[in-house]
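Working notes, structure below.
Note that this is a predicted model, so its numbers are computed, not measured.
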Amino acid sequence: MAGHYVVRNVTRPDPDLVKELREAGVATVHEAAGRTGLVSPEVSPRQDGAVIAGPAVTVSSHPGDNLMIHAAVEMCQEGDVLVVTTTSPSTDGMFGDLLAASLLSRGVVGLVTDAGVRDIAALREMGFPVWARAVSARGTVKATPGSVNVPVVCGGQVVRPGDVVVADDDGVMCVPARSAAEVLARSRARIAAERDKRAALRSGVLGVDMYGLREVLARLGVEYVDEHPEGAL
């Protein structure tokens, strides 16, 4: 039987790097990472307008059991994001306002889980953002071992302790710690390029010209005509 562990030590990235990735946002970071790292959209924001980023503290739990979430709270530090997964699919409400209060006391900035949450109105009132697969009033027990700060799979993405999790209204993105600096550099370049493109589009430049799409349309056989050759359809 595999062991169960609570790993105390996590190597966390530079806070300034995390801050810039948060400011860049999920969509930009996803593109900068080569369109990798995006968590399934089934893990969706349960509030509007929240934007977070932070090192991952990971939890592997038995479905219907939130024992290991309680164990994970002690491992959390200010600025962390708690990432909770289950060893088989679950939509039970494993997390609510009481655990959120505990995490807020540690400075945790939010929760990402491919299981369920509940007390959603209270979580919104508290200002504790969550991204979850489901909202469900079904409760859980505290009886089965799991692990904290081990690699997990959340929404189809491998998340390791200390990876940078970015989450906003567009979804959730995981940036491996080993490539976070490179992804940030590419994010900066994209932001600068998009600033220039945005100004050009506002001035009236068309996207088909900016991106050289007229040649693409022609190559694909798309014709510009004044009237449909077969008349009105």
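Counting heavy atoms of neighbouring residues, nucleotides and ligands inside a 6.0 Å radius, atom CG of Asn9 does not exceed 12 of them. The environment of CZ in Arg214 is crowded: more than 12 heavy-atom neighbours from other residues, nucleotides or ligands sit within 6.0 Å.
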Inset, instruction - Please report the C-alpha distance between Glu31 and Arg35 in whole Å, then the side-chain angles of each, then the deciding distance to 0.1 Å, and finally whether the salt bridge (Lys or Arg N to Asp or Glu O under 4.0 Å) criterion is met. - result: CA-CA 5 Å; Glu31 295 287 350; Arg35 298 185 180 181; 2.9 Å; yes
Inset, instruction - Output, in order, the C-alpha distance, side-chain angles, deciding distance and verdict of side-chain contact (heavy atoms from CB on, under 4.5 Å) for Val135 and Val117. - result: CA-CA 5 Å; Val135 174; Val117 297; 4.2 Å; yes
Inset, instruction - Please lay out, stage by stage, how Tyr224 and Leu217 fare under the test side-chain contact (heavy atoms from CB on, under 4.5 Å). - result: CA-CA 10 Å; Tyr224 285 78; Leu217 291 167; 3.6 Å; yes
Side-chain donor-acceptor contacts of residues 41-50 below 3.5 Å, not counting sequence neighbours, with atom names and distances?
unit_1: Glu42; atom_1: OE1; unit_2: Arg133; atom_2: NH1; d: 2.1
unit_1: Ser44; atom_1: OG; unit_2: Arg46; atom_2: NH2; d: 3.2
unit_1: Arg46; atom_1: NE; unit_2: Ala132; atom_2: O; d: 3.3
unit_1: Arg46; atom_1: NH2; unit_2: Ala132; atom_2: O; d: 2.9
unit_1: Arg46; atom_1: NH2; unit_2: Arg133; atom_2: O; d: 3.2
unit_1: Gln47; atom_1: OE1; unit_2: Val130; atom_2: N; d: 2.9
unit_1: Gln47; atom_1: NE2; unit_2: Val130; atom_2: O; d: 3.2

Quiz: residues 157-166 side-chain donor-acceptor pairs under 3.5 angstrom, not counting sequence neighbours:
unit_1: Gln157; atom_1: NE2; unit_2: Leu38; atom_2: O; d: 3.1
unit_1: Asp163; atom_1: OD1; unit_2: Ala177; atom_2: N; d: 2.9
unit_1: Asp163; atom_1: OD2; unit_2: Arg160; atom_2: N; d: 2.9

Could you pull out every donor-acceptor pair under 3.5 Å between side chains of residues 98-114 and any protein atom, sequence neighbours left out?
unit_1: Ser105; atom_1: OG; unit_2: Ser102; atom_2: O; d: 2.5
unit_1: Arg106; atom_1: NE; unit_2: Val73; atom_2: O; d: 3.4
unit_1: Arg106; atom_1: NE; unit_2: Cys76; atom_2: O; d: 3.4
unit_1: Arg106; atom_1: NH2; unit_2: Glu74; atom_2: O; d: 2.8
unit_1: Arg106; atom_1: NH2; unit_2: Cys76; atom_2: O; d: 3.4
unit_1: Thr113; atom_1: OG1; unit_2: Val84; atom_2: O; d: 3.0
unit_1: Thr113; atom_1: OG1; unit_2: Ala115; atom_2: N; d: 2.9

Identify all side-chain donor-acceptor contacts of residues 62-69 below 3.5 Å with residues at least two apart in sequence or on another chain.
unit_1: Asp65; atom_1: OD1; unit_2: Leu67; atom_2: N; d: 2.9
unit_1: Asp65; atom_1: OD1; unit_2: Ala143; atom_2: N; d: 3.4
unit_1: Asp65; atom_1: OD2; unit_2: Ala143; atom_2: N; d: 2.7
unit_1: Asp65; atom_1: OD2; unit_2: Thr144; atom_2: N; d: 2.6
unit_1: Asp65; atom_1: OD2; unit_2: Thr144; atom_2: OG1; d: 2.8
unit_1: Asn66; atom_1: ND2; unit_2: Met94; atom_2: O; d: 3.2
unit_1: Asn66; atom_1: ND2; unit_2: Thr140; atom_2: OG1; d: 3.4

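The minimum heavy-atom distance linking Gly25 with Asp168 is given by the pair CA-OD2, 3.6 Å. Minimum interatomic distance between Ala53 and Arg22 (heavy atoms only, all atoms of both residues): CB-CB, 3.4 Å. The two residues Val26 and Ala167 have their closest heavy-atom pair at CG2-CA, 3.8 Å. Closest heavy-atom contact between Ala122 and Asp97: CB-CB, 3.9 Å. Residues Ser90 and Asp92 share a closest heavy-atom pair of OG-N, 3.3 Å. What you find for Val29 and Leu21 is that their closest heavy atoms are CG2-O, 3.7 Å.
A donor-acceptor distance shorter than 3.5 angstrom exists from the side chain of Thr36 to the backbone of Ala33, with no hydrogens or angles considered. Asn149 contributes a side-chain N or O that, together with a main-chain N or O of Val7, makes up a donor-acceptor pair within less than 3.5 Å.
A 4.5 Å side-chain heavy-atom check between Met210 and Leu201 finds at least one atom pair inside the cut-off. Side chains of Val175 and Met173 form a contact here, defined as non-hydrogen atoms less than 4.5 Å apart.
We find the CZ-CG distance between Arg12 and Asp80 to be 4.0 Å, quoted to the nearest 0.5 Å. Rounding to the nearest 0.5 angstrom, the gap separating the CD atom in Glu23 from the NZ atom in Lys19 is 3.5 Å. Taken to the nearest 0.5 Å, the OG atom of Ser187 stands 10.5 Å off from the CD atom of Glu182.
Under the 4.5 Å side-chain heavy-atom criterion for grouping Ile, Leu, Val, Met, Phe, Trp and Tyr, Leu123 is not connected to Ile52 through any hydrophobic cluster.
When the salt bridge (charged side-chain N to carboxylate O under 4.0 Å, His left out) test is applied to Arg188, the partners found at least two apart in sequence or on another chain are Glu20. With sequence neighbours excluded, no residue forms a salt bridge (charged side-chain N to carboxylate O under 4.0 Å, His left out) with Lys142.
Just one residue in the list Thr58, Val57, Val148 forms a side chain to side chain contact (heavy atoms under 4.5 Å, CB included) with Leu82, and that residue is Val57.
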